[in-house]
Amino acid sequence: QVQLVESGGGLVQAGDSLRLSCAASGRTFNHYAMGWFRQAPGKEREFVAAIGWNGASTYYASSVKGRFTISRDNALNTVYLQMNSLKPEDTAVYYCNADEYRFRGPITIATHTFGSWGQGTQVTVSS
């Protein structure tokens, strides 16, 4: 699997914006769907957003739809999560991961069970 490193988190106030980055090293993740997930303290990890292998299709959890935007730049081997209008309930550690099969859309990745995760990046939103 590709090594993925998340960055861009921080401490912000409600209503602020953050842009998270997921950078890959080693093997490129071109042709693979990518997803963002998050885990709040005491909660299970949950799906946030996904983008299809060619970047043409996206899929979002209802809790972030209209506020978050996932995108990818294959030339930089990076996936982004633009988070606007942040709420305290968005507070969590955010992780990214790649689909195990090529040429798929973004929906399947939402419920896929991943074998490994990176360190993630902490997002804390105060009220």
Side-chain angles (χ1 to χ4, degrees):
Q1 290 291 125
V2 177
Q3 181 184 4
L4 302 173
V5 179
E6 302 91 344
S7 63
L11 291 164
V12 298
Q13 297 182 17
D16 286 352
S17 297
L18 282 173
R19 189 193 194 198
L20 307 184
S21 297
C22 171
S25 62
R27 194 189 76 181
T28 178
F29 53 66
N30 287 357
H31 307 142
Y32 291 86
M34 300 291 295
W36 284 96
F37 305 79
R38 66 187 182 187
Q39 186 170 24
K43 304 293 184 180
E44 296 293 320
R45 199 190 312 269
E46 66 177 359
F47 166 76
V48 176
I51 187 166
W53 71 274
N54 63 354
S57 300
T58 57
Y59 181 61
Y60 298 92
S62 60
S63 60
V64 306
K65 190 176 299 182
R67 298 187 298 119
F68 291 10
T69 303
I70 186 172
S71 62
R72 66 192 303 164
D73 187 337
N74 286 345
L76 297 178
N77 221 15
T78 302
V79 177
Y80 304 97
L81 185 68
Q82 178 66 46
M83 306 186 296
N84 298 327
S85 302
L86 283 163
K87 305 175 180 179
E89 49 263 48
D90 295 319
T91 296
V93 178
Y94 284 71
Y95 304 87
C96 66
N97 223 320
D99 198 359
E100 66 176 322
Y101 300 111
R102 295 184 295 175
F103 310 122
R104 301 211 292 189
I107 298 177
T108 301
I109 200 171
T111 57
H112 180 70
T113 300
F114 295 94
S116 63
W117 298 89
Q119 188 174 11
T121 185
Q122 175 72 51
V123 173
T124 302
V125 185
S126 65
S127 59

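Bear in mind that the values here come from a model prediction, so they are computed numbers and not experimental data.
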Novice: Hey, what do you get for OG1 (T113) to CZ (R45), rounding to the nearest 0.5 Å?
Specialist: 11.0 Å
Novice: Rounded to the nearest 0.5 Å, what separation is found between the OG atom of S126 and the CD atom of Q13?
Specialist: 5.0 Å
Novice: Can you find a heavy atom in the side chain of M83 that is under 4.5 Å from one in the side chain of S17?
Specialist: no
Novice: Measure the OG-CD distance between S25 and Q3 for me, rounded to the nearest 0.5 Å.
Specialist: 3.5 Å
Novice: Please list, chain by chain and in numerical order, all residues satisfying side chain to side chain contact (heavy atoms under 4.5 Å, CB included) with R104, sequence neighbours excluded.
Specialist: D99, Y101, T108
Novice: For residues S127 and A14, report the shortest heavy-atom separation together with the two atoms involved.
Specialist: CA-CB, 4.4 Å
Novice: Roughly how far, to the nearest 0.5 Å, is the CG atom of N74 from the CH2 atom of W53?
Specialist: 9.5 Å
Novice: Evaluate side chain to side chain contact (heavy atoms under 4.5 Å, CB included) for F37 paired with C96, printing each intermediate quantity in order.
Specialist: CA-CA 6 Å; F37 305 79; C96 66; over 6 Å; no
Novice: Kindly compute the distance separating CG (N30) from CG (N77), expressed to the nearest 0.5 Å.
Specialist: 6.0 Å
Novice: May I have the step-by-step check of ring-ring contact (aromatic ring centres under 6.0 Å, His included) for Y60 and F47, ending in yes or no?
Specialist: CA-CA 8 Å; Y60 298 92; F47 166 76; 8.2 Å; no
Novice: Taking R72 for the side chain and G52 for the main chain, is one N or O donor matched with an acceptor at less than 3.5 Å?
Specialist: yes
Novice: Does a side-chain heavy-atom distance below 4.5 Å link I109 with Y32?
Specialist: no
Novice: Quick check: closest heavy atoms across T78 and F29, and the distance to 0.1 Å?
Specialist: N-CZ, 3.5 Å
Novice: Would you check if the side chain of Q39 reaches a backbone N or O of A92 as a donor-acceptor pair within less than 3.5 Å?
Specialist: no
Novice: Count the heavy atoms belonging to other residues, nucleotides or ligands that lie under 6.0 Å from CD of Q119, then report whether that count exceeds 12.
Specialist: no
Novice: Can you tell me how far the OH atom of Y59 sits from the CD1 atom of I51, to the nearest 0.5 Å?
Specialist: 15.5 Å
Novice: For E100 and H112: C-alpha separation, side-chain torsions, deciding distance, then whether side chain to side chain contact (heavy atoms under 4.5 Å, CB included) applies.
Specialist: CA-CA 9 Å; E100 66 176 322; H112 180 70; 3.0 Å; yes
Novice: Would a hydrophobic clustering, with Ile, Leu, Val, Met, Phe, Trp and Tyr connected at side-chain separations under 4.5 Å, put I70 with L4?
Specialist: yes
Novice: Keeping to residues at least two apart or across chains, list the ring pair (Phe, Tyr, Trp, His ring centres under 6.0 Å) pairs with something in residues 63-100.
Specialist: Y95-W117
Novice: Assess whether side chain to side chain contact (heavy atoms under 4.5 Å, CB included) is satisfied between V123 and L20, documenting all intermediate values.
Specialist: CA-CA 9 Å; V123 173; L20 307 184; 4.1 Å; yes
Novice: For a 4.5 angstrom cut-off between non-hydrogen side-chain atoms, does L86 reach L18?
Specialist: yes
Novice: When clusters are formed by joining ILVMFWY residues with side-chain heavy atoms under 4.5 Å apart, either directly or through shared neighbours, do V125 and V64 land in the same one?
Specialist: yes
Novice: Side chain to side chain contact (heavy atoms under 4.5 Å, CB included), that's the test. Do D90 and R38 meet it? Break it down for me.
Specialist: CA-CA 9 Å; D90 295 319; R38 66 187 182 187; 3.0 Å; yes
Novice: Using modelled atom types only, decide if a donor and an acceptor are shared between the side chain of T91 and the backbone of T124 within a distance under 3.5 Å.
Specialist: no
Novice: Is the backbone of S7 close enough, under 3.5 Å, to the side chain of S21 for a donor and an acceptor to pair up by distance?
Specialist: no
Novice: Can you get from M34 to V48 by hopping between Ile, Leu, Val, Met, Phe, Trp and Tyr side chains that sit under 4.5 Å apart?
Specialist: yes
